[in-house]
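Note sheet for the following structure.
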Amino acid sequence: MNYPEYRPRRLRKNENFRRMIRETSLSVDDLVYPLFVTAGKKLKKPIDSMPGNFQMSLDYLVKEVKITKDLGIPAVLLFGIPEKKDEEGSGAYDRGGIIQRAVREIKDAVPDILVITDVCLCEYTSHGHCGLLDGDHVDNDSTLEILAETAVSHAEAGADMVAPSAMMDGQVLAIRDALDEDGFDDLPIMAYSAKYASSFYGPFREAAEGAPQFGDRTTYQMDPPNSDEAMREITLDVEEGADIIMVKPALVYLDIIRRAKEEFDLPLAAYNVSGEFSMIKAAETLGWIDGTRAMMECLTSIKRAGADIIITYFAKEAAALLKG
Ligand code: PBG
């Protein structure tokens with residue numbers, strides 16, 4: 001294929017030609033919308049760093065899920081902000097806790113949408129780490145029991161899928177075993193398999209009020225320069241029983257998404273995280289980029305890299321646009 005015999009511009013001449021040879025298409029079916037639920041009533045508190053996103057009390061949450069469903073989005077991913085935090089993050093597995101109540105109410109009011117729950121401790125611990133502390137150390141194996149208990153409590157409330165994000169070794173196996181033991185062998189796990197210690201989670205920590213009170217997450221989340229290690233992390237999760245694997249963040253890890261797609265035969269999710277969302281919103285607000293086009297370009301690039309599922313704060317906007 002050489003110029004002048006091959007002229008790629010021939011097939012770029014107009015939108016119909018471009019449509020005809022387009023290799024990747026984004027669909028509303030690919031999207032998952034993350035939501036933040038907080039205690040109280042009639043609360044819809046804007047998250048400053050994430051325009052269009054809110055901490056919502058249950059009443060508003062249910063309305064928002066209804067809107068999400070009506071846009072054709074197949075699933076929401078829930079994060080809870082509990083009334084009280086403690087050393088052990090006991091709010092995470094409280095049968096009357098914020099997520100457990102939210103799942104029940106959504107399932108009652110909007111049965112026809114998937115409810116996925118984040119399984120982690122950072123929103124529930126007073127120290128803001130994703131696991132239990134032993135001195136200043138985040139202890140792996142004692143955390144597994146709490147994560148398993150949390151997943152079971154979500155399943156009991158009616159969650160359709162659990163998504164462990166704490167990055168403790170063995171968390172998928174611990175959760176799979178606990179779910180099976182309690183009769184939830186049919187409940188799938190979406191594993192945050194390759195989750196990096198990323199600066200792009202900044203706005204989320206405001207949204208979910210889960211910033212670590214000391215230190216950082218580098219002893220449990222992955223080191224950004226690593227790619228082979230991501231494949232080992234994913235292999236572990238597959239062997240432990242993950243049904244869906246995930247790479248997080250998405251945009252600065254498109255190479256990892258592509259590699260995971262090539263090396264593993266499970267549905268692959270990518271988390272287009274808060275900082276990736278906020279950067280576009282900020283640049284749009286400043287008039288520096290066309291936010292809508294940037295959004296679609298980013299989401300399409302995540303799909304092109306190999307993701308089957310995209311978890312994104314853009315879900316509603318993108319769905320509305322895709323609907324036409
Ligand atoms: C909880 C969790 C985090 C995110 C999802 N689940 C925060 C973190 O690991 O610090 C980040 C999501 C985002 O930035 O959009 N562990």
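Because only heavy atoms are used, hydrogens play no part in the values below, and waters and symmetry mates are left out as well, while side chains stay in. Start at 1 and go down the list; that is how both ligands and their atoms are numbered.
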For Glu64, check salt bridge (charged side-chain N to carboxylate O under 4.0 Å, His left out) against everything at least two apart and list the hits.
Lys316
Quick one: do the His129 and Tyr220 side chains pair a donor with an acceptor below 3.5 Å?
yes
Got a sec, which residues hit side chain to side chain donor-acceptor pair (under 3.5 Å) with Ser301, two or more places apart in sequence or on another chain?
none
So, does Gln100 use its side chain to make a donor-acceptor pair with the main chain of Ala92 at under 3.5 Å?
yes
Checking side-chain polar atoms at under 3.5 Å, does Ser165 have a donor or acceptor matched by the opposite partner on Asp118?
yes
Present, as a list of atom pairs with distances to 0.1 Å, all nitrogen or oxygen contacts under 3.5 Å between ligand 1 and the protein.
unit_1, atom_1, unit_2, atom_2, d
ligand 1, 6 (N), Lys248, NZ, 3.3
ligand 1, 9 (O), Lys195, NZ, 2.7
ligand 1, 9 (O), Gln221, NE2, 2.8
ligand 1, 10 (O), Arg205, NE, 2.8
ligand 1, 10 (O), Arg205, NH2, 2.6
ligand 1, 10 (O), Arg217, NE, 2.9
ligand 1, 10 (O), Arg217, NH2, 3.4
ligand 1, 14 (O), Ser274, N, 3.3
ligand 1, 14 (O), Ser274, OG, 2.7
ligand 1, 15 (O), Ser274, N, 2.8
ligand 1, 15 (O), Tyr313, OH, 2.6
ligand 1, 16 (N), Ser165, OG, 3.4
ligand 1, 16 (N), Lys195, NZ, 2.9

Salt bridge (charged side-chain N to carboxylate O under 4.0 Å, His left out) pairs, two or more places apart, involving residues 163-176:
Arg176-Asp180, Arg176-Asp243
